[in-house]
Amino acid sequence: DFAHSLVLDALCQGSMPRADFDDLTRELKLMSAGAIETINDWGFEQFGEAVLDDDDPVAIIEYLHGDIAAARGQG
């Protein structure tokens, strides 16, 4: 959906401190853990694995950046 897409767009720009990620998801009316789960579920459907590392900072798994861009029609 649109809100989760915005979160993924932000993470495609680079990693994000957990506090900033929490702020972004809150602004989008999402729960942080739920956003990570939803995006990772999409990753499992697309690539057979999670795409987000939910430590601090929150980041896309490095080697998946190109695959994510291609799957979203951006690469």
Side-chain angles (χ1 to χ4, degrees):
D1 66 30
F2 184 70
H4 290 94
S5 181
L6 291 176
V7 172
L8 193 54
D9 287 345
L11 291 169
C12 283
Q13 303 304 310
S15 64
M16 185 179 299
R18 185 59 185 241
D20 292 349
F21 179 82
D22 292 344
D23 289 344
L24 174 62
T25 56
R26 190 175 310 110
E27 289 173 16
L28 295 169
K29 309 273 193 267
L30 300 171
M31 293 175 27
S32 297
I36 290 169
E37 182 177 348
T38 298
I39 293 169
N40 279 339
D41 285 348
W42 172 81
F44 276 106
E45 291 173 12
Q46 295 293 314
F47 314 113
E49 62 185 301
V51 297
L52 297 183
D53 178 0
D54 67 349
D55 288 336
D56 192 357
V58 179
I60 292 175
I61 305 298
E62 187 66 32
Y63 64 87
L64 290 173
H65 273 274
D67 293 336
I68 290 169
R72 298 180 74 221
Q74 299 171 347

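FYI, side chains are in, hydrogens and waters are out, and symmetry mates aren't considered; it's all heavy atoms of this structure. Counting begins at 1 with the first residue of the sequence.
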Query - Interatomic distance, Leu11 atom CG to Leu24 atom CG [nearest 0.5 angstrom] - result: 7.5 Å

**Report entry** Check: Leu52 and Ile60 side chains under 4.5 Å, non-hydrogen atoms
**Finding:** yes

Requested in this report: Indicate yes or no: at least one non-hydrogen side-chain atom of Ile36 is less than 4.5 angstrom from one of Val7.
Outcome: no

Query raised in the report: Can you find a heavy atom in the side chain of Asp54 that is under 4.5 Å from one in the side chain of Arg18?
Result: yes

Report task. Supply the atom-to-atom distance Gln46 CD to Asn40 CG, rounded to the nearest 0.5 angstrom. Result -> 12.5 Å

**Report entry** Separation between CD1 of Ile39 and CG of Leu30, rounded to the nearest 0.5 Å
**Finding:** 8.0 Å

Report task. Could you pull out the closest heavy-atom pair between Ala3 and Leu28, with the gap in Å? Result -> O-CD1, 3.7 Å

**Report entry** Nearest-0.5 Å distance, CG of residue Asp53 to CG of residue Leu64
**Finding:** 11.0 Å

**Report entry** Derivation and outcome, side-chain hydrogen bond (donor to acceptor under 3.5 Å, both in side chains), residues Arg72 and Ser5
**Finding:** CA-CA 9 Å; Arg72 298 180 74 221; Ser5 181; 2.7 Å; yes

Report task. Heavy atoms only: give me the nearest Thr25-Ala35 pair and the separation to one decimal. Result -> CG2-CB, 3.9 Å

Report task. Side-chain contact test, heavy atoms from C-beta onward, threshold under 4.5 Å: evaluate it for Phe47 versus Ile68 and give yes or no. Result -> yes

**Report entry** Joint cluster assignment, Phe21 & Phe2, ILVMFWY side-chain distance < 4.5 Å
**Finding:** yes

Query raised in the report: Can you name the closest pair of heavy atoms from Gly34 and His4 and give their distance?
Result: O-NE2, 4.4 Å

Query raised in the report: How far apart are the closest heavy atoms of His65 and Cys12, and which atoms are they?
Result: CE1-O, 4.0 Å

